[in-house]
Amino acid sequence: MDTLQANATSERYAKVIEVSKRIRWDIDRDVIRGRKFDFTKNFLPKGLSKIEQLPFFRRRKGAC
């Protein structure tokens with residue numbers, strides 16, 4: 001049973017890799033699309049980013 005499940009997982013993974021190679025993402029063209037980031041604002045809500053839980057993060061003076 002484990003071998004059958006492992007084989008199915010491997011086949012799904014292989015299919016994902018195959019499909020991903022057909023898609024050509026360009027971050028600037030497909031995601032950013034000429035938009036500018038406002039670095040005075042948060043990109044994500046604090047509850048989603050969990051930034052306060054990162055021990056190495058120190059908030060800069062004047063940053064949001």
Sort and list the pairs that fulfil side chain to side chain donor-acceptor pair (under 3.5 Å) and have at least one residue in residues 20-30, not counting sequence neighbours.
Glu18-Arg22
Hits for side chain to side chain contact (heavy atoms under 4.5 Å, CB included) against Arg12, two or more places apart or cross-chain, chain-then-number order -> Ala8, Thr9
Kindly write out the residues that satisfy side chain to side chain donor-acceptor pair (under 3.5 Å) with Gln53, not counting sequence neighbours, or none if the list is empty.
none
Classify the ring geometry of Phe39 against Phe43: parallel below 30°, tilted from 30° to 60°, perpendicular beyond 60°.
perpendicular
Ring pair (Phe, Tyr, Trp, His ring centres under 6.0 Å) with Tyr13: which residues, sequence neighbours excluded?
none
